[in-house]
Amino acid sequence: MSQSFRISGGLIDRSSPMHFTFNGKRMEGYAGDTLASALLANGQKLVGRSFKYHRPRGILSAGPEEPNALVQLRTGAAQEPNTRATVAELFDGLSATSQNHRGSLEFDLMAITDLAAPFLSAGFYYKTFMWPKAFWEKLYEPMIRASAGLGTLSMKEDPDTYDKGFLHCDLLIIGAGPSGLIAALTAARSGARVILADEDFRLGGRLNSETFALDDMEGGIWAEQVAAELQSLSNVRIMTRTTVYGAYDHGVFGALERVTDHLKSSGGKPRQILWRIYSKRSLLCAGATERPIAFSNNDRPGIMLAGAVRSYVNRFGVAPGKNVTVFTNNDDGWRTASDLIAKGVTVRALIDVRDGVSPPDLYGTEVITGGRIIDTAGRKALSSITLKNGRKITTDCLAVSGGWNPTVHLTCHQRGKPVWNEDILAFVPSGVLPEGMRVAGAANGVFGLSSALQGASEVTAGILTDLGMSSKAAALPVAEDEAQSGIAFWHVKESKKRAWVDLQNDVTVKDIKLSYQEGFRSVEHLKRYSTLGMATDQGKTSNIAGLAILAECSGKTISETGTTIFRPPYTPVPIGALAGRARGKDFRPYRLTPSHRWAEANGATFVETGNWMRAQWFARAGEKGWRDSVDREVEMTRASVGICDVTTLGKIDIQGKDAAEFLNHVYTNAFLKLPVGKVRYGLMLREDGIAYDDGTTARLGENHFVMTTTTANAVLVFRRLEFARQCLWPNLDVHLISTTDGWAQFAVAGPNARNLLAKVVDAPFDLSNEAFPFMACAEVSVCGGTPARLFRISFSGELAYEIAVPAKYGNSMMDVLMKAGAEFNAVPYGTEALGVMRIEKGHAAGNELNGQTTALNLGLGGFVSSKKDCIGKTLSQRPELNLPDAIRLVGFKPVNSSDALLAGSHFITKGDAATMENDQGWMSSVAYSPTLGHSIGLGFIKRGHERMGEVVRVVNPARGVEVEAEIVSPHFYDPEGGLQRG
Amino acid sequence: MIINHPLLGPRDAAEFVYLGDESLIERPDPNAPDAADRFYEYGYLRDNPAGEHKELWYHEQGDRSWLVVTRNTITHQITHVELARDVARAKGRDR
Amino acid sequence: MAEFSLKADAFLGGFHKDYGTVVVTEVTDRAIASFALPLGGEAQAEKTIKSVLKLDLPSVGTAAQSEDGATTLLRLGKDQLFCLMDKQPDGHGAHRALSEKLAGTVFTTDQSDVWVSLTIRGPDSLRALERICPIDLHPGSFEVGALARTVMEHLGTVIIRNSDDEYTLMSASSSAKSFLHAIETSIENVL
Amino acid sequence: MRYSGFKVFLEGLTGNRGWKPAWRDPEPKSDYDVIIIGGGGHGLSTAYYLSKVYGVRNVAVLEKGWLGSGNIGRNTTIIRSNYMLPGNEPFYEFSLKLWEGLEQDFNYNAMISQRSILNLFHSDPQRDAFVRRANAMMLAGADAELADEAQLRRELPFLDFDNARFPIKGGLFQRRGGTVRHDAVAWGYARGADAEGVDIIQNCEVTGFQIENGICKGVQTTKGAINAKKIAVCVAGSSGRVMAMAGMRLPIESHVLQAFVSEGLKPVLPGVITFGAGHFYVSQSDKGGLVFGGDIDAYNSYAQRGNLPVVEDVAEGGMAIMPMIGRARLLRSWGGIMDMSMDGSPFIDKTHIGGLYFNGGWCYGGFKATPASGYCYAHLLAKDEPHPVATEMRLDRFKRGHLIDEKGQGNQPNLH
């Protein structure tokens with residue numbers, strides 16, 4: 001079986017033979033083939049099985065509308081399910097397998113469902129599988145799921161990469177058929193920036209599949225000439241293998257370029273590129289899609305769309321059958337017969353459903369007018385058809401034309417509804433189009449070639465005028481308008497057996513009638529109940545017939561019946577392409593602290609903190625687990641001195657004559673009188689009165705402050721400050737700029753912090769407690785002249801400083817601090833030790849400032865100034881945020897000191913049952929305190945401040961543990977704060 | 001979506017962060033006798049129109065300006081874009 | 001003489017790579033100062049800037065460069081500018097010197113270490129940037145001297161066109177490696 | 001007509017000619033005891049429980065389009081009760097229990113499939129928050145199960161454990177969570193309510209309220225004026241538009257949430273999985289499509305469509321946790337309009353206008369609430385007092401300062 005159906009001619013390259021396999025069978029085709037044309041050339045008619053009944057299926061179409069010929073392409077991790085053979089370009093070494101069968105494609109065990117079809121009518125599953133109840137999940141559903149789906153994912157990571165990109169143009173032309181080409185030529189010659197995109201690998205659209213002449217040239221040749229001129233112009237970008245799949249707001253389009261899908265290997269380059277195209281105007285020239293006619297057993301392999309048959313014969317040099325019959329309700333079908341005859345393929349008969357039509361001379365081919373096909377035969381491929389009068393015609397291919405639907409999909413993506421046009425018996429784009437879009441050619445319902453060219457040229461001229469460009473119209477080639485008339489004929493009513501409307505989902509005419517009978521009478525109900533149009537082809541060949549049959553049931557017109565609208569994407573888009581590069585480690589960028597390299601070299605384990613990577617702890621030889629390291633870091637810091645990179649805290653430079661007044665608005669506490677050279681803790685609320693963020697703000701000058709925010713909220717706080725500055729108090733002179741990345745900042749904490757810093761900070765700066773007390777700040781220099789900022793602030797509760805140097809010195813600074821601290825046994829500490837020390841000190845952090853707690857809850861009520869307004873103050877005073885039994889942040893210590901407290905536990909009053917009604921609050925943060933020698937916790941509990949000393953149940957059913965803990969002050973360590981002031 | 005920034009020209013809305021109704025500019029007077037009610041309405045009640053909506057967008061990946069964008073919530077068509085600071089001043093907000 | 005000395009590290013170690021038709025180079029000696037124009041003091045600020053830098057304030061979204069090319073003013077927003085000073089490895093010092101000259105008429109902040117700067121040049125620069133830059137870089141829309149602050153691969157970026165086929169890109173220094181990775185991937189994907 | 005396997009068999013033998021319409025198509029009467037505005041999931045379930053449980057049968061459901069055309073027909077079909085706060089969790093657990101007996105109750109197979117829901121966590125603070133949540137669920141009588149990384153590796157080996165930007169540290173399972181065939185819920189409730197005598201009137205848009213002296217006595221519709229003792233608005237997504245006709249401003253903004261389905265695939269996912277370091281959640285339908293979604297399009301919108309950045313963000317989230325789906329294709333996207341409330345929690349309440357009731361503000365969690373929302377709304381309509389599990393879902397809670405803010409995002413609807 002070596003290309004026994006190959007005939008002469010076509011746009012394939014016979015000098016480039018290509019080998020491929022289908023279900024392991026070796027076959028041959030040529031460059032320029034699709035997988036479908038190559039399969040047909042090799043006589044492979046059976047290519048798949050339908051979704052529900054597992055009926056044998058072949059190739060219906062020659063384009064993206066294909067419902068039947070879906071295959072798994074490639075092997076291993078690259079296996080790609082549900083690929084339409086009709087658009088898959090052949091490459092040497094291609095491997096494809098068929099889908100949705102148990103056993104072989106030829107002998108599918110699941111085909112038994114076809115016998116049960118009477119019991120599997122539309123929506124049958126809504127009415128059964130309910131008894132006994134337990135059987136649904138144990139038996140029925142697993143059974144249904146086992147038969148679900150079509151193709152199979154490899155379950156392995158997609159081995160290919162994807163990329164994205166941005167393109168801009170004056171005019172995006174979607175579709176490079178005759179209309180698109182003439183439009184592109186017109187716009188390009190006028191100097192507009194044009195993008196011409198087509199899903200095919202060859203420009204020309206239907207011209208490649210038809211025998212039309214333009215200027216006495218073959219259509220395909222004319223297209224090549226136009227393409228060559230466009231190619232030579234720098235203001236045109238031609239994108240083949242590119243599907244414009246979605247029309248989004250304001251002229252933005254999504255397009256998928258298949259860069260290497262036609263190659264055996266992607267060669268390390270992105271397989272596909274997802275382009276976002278920004279267009280000033282767009283012109284949809286997407287052509288039209290042919291629709292079949294429903295009749296009994298109209299789903300056999302060998303029954304194809306008539307236009308597709310022309311494509312295979314004219315473009316691919318393949319005869320889909322040796323004895324072809326044509327069945328049509330319109331003039332267009334006639335051309336199928338004449339094209340076949342011209343190529344020497346036998347046409348058994350031309351059957352036109354219309355009475356009294358007279359096709360042109362078909363060299364003696366039998367013409368049957370008023371014909372009806374009422375049945376077909378052939379188990380795995382069509383062998384014969386039966387007419388209403390009982391006559392049987394032996395045929396191996398039936399070319400069916402039920403008329404054409406303009407491809408209006410993109411016009412609907414912004415909820416535009418196409419309107420029914422009774423003249424051409426099809427839906428055409430309505431006046432409500434996506435911003436900037438126009439439609440031309442067959443997509444606009446203009447089916448004649450000459451008229452389409454004329455129309456496309458005119459609409460392009462209009463677009464250019466709109467854009468303020470003078471149009472240099474291209475001379476229109478001489479062409480004819482082909483005969484187009486037809487009648488509304490959707491299905492053969494005389495059919496007694498199942499007649500398919502949606503081939504993939506196995507929705508038949510009867511199913512549609514049953515849906516109507518059961519009350520599912522709106523188009524959307526029909527679709528959802530019967531699954532019509534819900535398959536991978538999204539009803540490209542079935543929706544209109546389904547709608548027409550529904551209209552028939554109700555006695556309404558199609559126009560009254562309505563239509564479902566199309567949604568993006570036009571054809572399916574791989575999830576990998578939509579994600580682009582953002583996967584694996586590249587899912588989001590990394591932010592690294594200035595001392596990252598030092599930390600890497602010194603045993604750090606890192607932890608994700610938003611996009612930052614922070615050192616979590618620094619393990620030393622001999623330590624058995626992270627707790628050993630963390631305990632040591634805490635102990636050594638508290639005993640002598642520890643150093644931690646705290647660069648990730650947000651830093652916002654605030655300047656302006658009104659900077660202090662601005663801070664008074666945004667912080668709950670007062671900042672107007674903060675002296676220069678001092679730092680103050682500040683609490684921020686959201687306008688709804690909930691605590692939002694906290695940090696310290698230093699006054700470096702009369703009009704100059706540096707605010708710090710929490711790591712998590714740095715960006716959000718900045719955004720809110722800008723809002724306050726621009727929208728709430730627009731006449732304050734205040735200016736904000738982030739300096740988070742500009743300064744490497746280190747906490748130096750512990751009794752020896754001052755001694756260490758004295759070795760680093762340049763003389764004559766006086767570090768003494770008197771000269772530089774707690775909450776002081778200064779601009780200093782270090783290591784012989786490097787500028788630095790010094791803050792005497794403490795998160796750990798120790799004598800502590802934070803010192804900042806320009807970020808490029810950060811790694812070196814860490815090294816210097818450690819060297820200077822060597823004599824004190826200085827230790828680097830990570831976020832875990834930082835967390836332990838802050839819990840020991842009772843400071844609230846992210847787990848406490850979780851967006852649900854008020855200043856009152858946090859025990860920070862005193863920071864809300866009664867003397868001034870601030871963001872959030874009024875709403876924080878709402879009654880139920882201030883009830884007597886409001887939760888309060890307190891400390892917890894286990895009654896049995898060997899018990900570990902766990903974050904996320906809930907508190908229950910002793911003696912009460914552990915239920916939600918009795919829930920008293922939750923444990924927000926816990927740590928093992930090496931300082932105290934037992935577990936400690938911070939948590940919110942109702943009336944906590946009045947319950948000191950009470951023992952409560954700390955329940956954790958999710959972990960299966962419960963302990964008792966005593967409510968204590970949250971300030972476990974140095975509650976008077978003498979150390980940090982020392 | 002594309003927002004035609006009054007200073008920078010058309011920019012992809014992906015550069016912006018959305019906040020909500022323009023009325024968020026009109027923060028009530030905290031000293032008014034009915035401040036509690038006014039803040040409740042300011043903070044919580046919205047016109048939420050189906051149609052023209054004046055709304056706040058922040059050009060976070062751009063010039064950091066807050067904008068008032070007039071956009072139709074049914075069609076997404078944008079008809080007007082202003083700097084929110086100018087709008088705030090025009091509404092009489094000061095310092 | 002201090003006991004310890006600090007060493008400055010370029011954020012990307014002074015990256016330089018020639019891909020043939022694209023060359024990427026880290027700029028390591030550029031000081032960056034941000035200017036904020038005081039409310040009500042814009043005219044004075046403009047005057048002072050002109051006298052100190054010999055440059056008119058560019059309009060928002062554009063850049064102005066001194067004749068010797070050493071100083072570039074980027075007008076990022078209505079009241080915000082960046083002043084790029086080339087061959088100034090001591091960013092902080094350059095900022096302080098400039099700030100003193102501007103003598104309180106402009107609020108300045110040292111931004112030198114906030115940003116990593118790369119130049120990307122060569123005939124395929126545009127094709128590579130197309131993969132990550134949402135701004136229309138067509139010469140008709142983005143002329144020499146044009147600038148935009150936008151987002152590329154989730155990272156805020158300032159892009160400036162220096163010449164027909166050379167651009168400067170500035171992004172946050174903490175994510176410099178990811179930024180470079182995005183650019184290198186773009187180049188590898190188009191070459 | 002009772003549905004059963006036997007009936008399907010009998011009908012199959014006789015050409016399926018005996019099936020009757022699932023519901024009547026009546027013209028509205030001039031008076032009802034209760035008018036429910038909105039023939040979506042919540043409106044239909046309200047009608048069902050109002051008639052079946054509370055015995056109020058002189059009821060009309062007015063639907064602007066076709067029944068089930070709102071968010072019941074455009075969601076990602078997930079059911080769960082993994083909430084944390086006392087104002088929410090008992091309600092959602094009540095809802096989950098109703099789901100568990102629903103099909104037998106309304107004699108319609110909605111394919112309720114308790115295949116579990118898993119929330120992944122990627123950091124210690126996130127773990128702490130999930131433990132808090134798991135415990136709250138269990139205190140309220142729901143099921144919850146914490147899984148560590150090792151367990152997840154065994155159960156879901158296709159997740160990206162080794163090359164992830166935000167490593168998977170564990171997850172919170174609710175095994176009773178799962179998915180339901182969403183349209184079937186609307187149809188089942190409609191059929192059930194219709195059988196109890198409720199008039200479901202499609203293509204009947206309410207154009208105004210008849211309010212006299214602070215009392216709502218009826219509605220104007222495209223099918224004429226209809227009077228009722230009680231008017232129950234239940235139009236989440238359009239709440240702002242409808243309540244504006246009664247002169248009410250709401251603590252609600254309308255936003256679009258996109259959802260997506262892939263081409264049909266042989267089964268790969270056991271249950272619902274959500275990403276904790278980005279916006280992505282996914283399940284696989286009984287037909288084989290991966291049904292997934294993520295964040296809302298952040299701006300106010302009444303257009304049932306979204307934009308590209310969110311599509312890309314969702315796909316990124318998907319590839320981040322399960323890179324095996326790279327070659328699966330996104331087949332279809334759609335958009336639903338969400339009533340995004342000011343604290344992310346809903347309302348089932350009377351209004352200040354006599355006889356006018358409001359149900360809305362479901363954000364993007366309305367589907368799972370369908371049974372309980374209808375049940376509790378029916379309770380409120382029948383007894384004029386809130387159902388015990390819905391006592392906090394009041395319109396005045398913001399004024400009082402009683403917030404039900406699960407996420408802690410405050411009064412910015414698009415963050416919930």
Side-chain angles (χ1 to χ4, degrees), chain A residues 166 168 248-252 276-280 413-416 432-436 652 656-658 661-662 664-665 685-690 715-716 718-738 868-879, chain B residues 1-4 10-14 16-20 22-32 34-44 56-61 63-68 71-72 74-79 82-95:
Chain A
F166 303 84
H168 305 258
Y248 297 92
D249 279 316
H250 309 151
V252 181
R276 285 151 288 189
I277 302 178
Y278 300 79
S279 67
K280 292 195 182 120
H413 285 182
Q414 290 170 31
R415 311 283 296 168
V432 184
L433 293 170
E435 205 170 310
I652 302 172
K657 294 187 289 292
D658 302 317
E661 190 180 336
F662 178 74
N664 250 17
H665 282 308
L685 307 181
R686 292 192 307 236
E687 191 66 274
D688 69 353
I690 302 294
V715 171
L716 305 176
F718 193 96
R719 187 186 300 164
R720 280 163 190 266
L721 295 182
E722 282 289 2
F723 180 73
R725 177 179 93 92
Q726 297 176 40
C727 299
L728 301 181
W729 298 287
N731 288 338
L732 289 179
D733 180 42
V734 59
H735 306 270
L736 310 170
I737 190 160
S738 170
K868 67 170 191 78
D869 177 48
C870 69
I871 287 177
K873 184 173 169 184
T874 304
L875 287 176
S876 76
Q877 292 163 347
R878 284 178 287 174
Chain B
M1 290 209 298
I2 306 285
I3 293 174
N4 194 5
R11 292 297 191 94
D12 192 315
F16 296 78
V17 174
Y18 180 78
L19 179 64
E22 176 209 38
S23 67
L24 288 166
I25 290 175
E26 295 171 83
R27 186 174 187 269
D29 176 3
N31 301 313
D34 59 350
D37 287 347
R38 294 287 82 79
F39 266 92
Y40 156 67
E41 287 165 10
Y42 167 76
Y44 290 101
L56 287 156
W57 293 75
Y58 175 54
H59 199 192
E60 184 149 277
Q61 300 290 2
D63 73 341
R64 311 294 173 105
S65 61
W66 279 90
L67 304 179
V68 173
R71 189 180 56 91
N72 186 303
I74 298 170
T75 64
H76 294 174
Q77 193 190 19
I78 293 174
T79 46
E82 303 155 274
L83 292 173
R85 199 173 195 174
D86 294 343
V87 174
R89 285 173 179 152
K91 286 177 185 289
R93 295 209 67 84
D94 194 355
R95 47 187 296 149

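In what follows, chains are A, B, ... by sequence order, proteins preceding strands, each numbered from 1. Computed from a predicted structure; not experimentally measured.
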Please flag which part of [X] lies under 4.5 Å from any non-hydrogen atom of chain A: side chain, backbone, both or neither.
| X | answer |
| --- | --- |
| B:Val68 | neither |
| B:Ile78 | both |
| B:Glu26 | neither |
| B:Ser65 | both |

Checklist entry - Rounded to the nearest 0.5 Å, how far does CZ of A:Arg878 lie from CZ of B:Phe39? => result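 Answer for the CZ-CZ pair, B:Phe39 versus A:Arg878, is 11.5 Å.
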
Item to check | A:Asp249 to B:Thr75 - nearest heavy-atom pair and separation | outcome: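 Reported closest heavy-atom pair: OD1-O, 3.9 Å.
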
Out of [options], which one racks up the most heavy-atom pairs below 4.5 Å with chain B?
| options | result |
| --- | --- |
| A:Phe723, A:Tyr248, A:Phe662 | A:Phe723 |
| A:Arg415, A:Glu687, A:Arg276 | A:Glu687 |
| A:Leu736, A:Val432, A:Asn731 | A:Asn731 |

Sidechain-backbone polar pair: [X] side chain, [Y] backbone, donor-acceptor under 3.5 Å:
| X | Y | value |
| --- | --- | --- |
| A:His250 | B:His76 | yes |
| B:Arg85 | A:Pro730 | yes |
| B:Arg93 | A:Leu728 | yes |

Item to check | side chain to side chain contact (heavy atoms under 4.5 Å, CB included) between A:Thr874 and B:Tyr40, worked out | outcome: CA-CA 9 Å; A:Thr874 304; B:Tyr40 156 67; over 6 Å; no

Checklist entry - Just checking, A:Arg720 and B:Tyr58: is the charged tip under 6.0 Å from the six-membered ring centre and within 45° of the axis? => result no

Checklist entry - Can you tell if the side chain of B:Arg64 reaches within under 4.5 Å of the side chain of A:Phe718, non-hydrogen atoms only? => result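 Side-chain contact under 4.5 Å: yes.
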
Checklist entry - Is A:Tyr278 close to B:Ile2 at the side-chain level, that is, under 4.5 Å between some pair of heavy atoms? => result yes

Checklist entry - Measuring heavy-atom distances to chain B, does A:Glu661 have an atom under 4.5 Å in its side chain, in its backbone, in both, or in neither? => result side chain

Next on the checklist: Checking B:Asn31 against A:Asp869 for the side chain to side chain contact (heavy atoms under 4.5 Å, CB included) test, could you report, in this order, the C-alpha distance in whole Å, the side-chain angles of both residues, the deciding distance, and whether it holds?
Outcome noted: CA-CA 8 Å; B:Asn31 301 313; A:Asp869 177 48; 5.6 Å; no

Checklist entry - chain A: which of B:Glu60, B:Arg27, B:Met1 shares the most heavy-atom pairs with it under 4.5 Å? => result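 The candidate making the most pairs under 4.5 Å is B:Arg27.
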
Next on the checklist: Between B:Trp66 and A:Arg719, is the side chain to side chain contact (heavy atoms under 4.5 Å, CB included) condition met? List the steps.
Outcome noted: CA-CA 9 Å; B:Trp66 279 90; A:Arg719 187 186 300 164; 3.8 Å; yes

Item to check | Pair B:Leu56-A:Cys727, side chain to side chain contact (heavy atoms under 4.5 Å, CB included): steps then yes or no | outcome: CA-CA 10 Å; B:Leu56 287 156; A:Cys727 299; 4.1 Å; yes

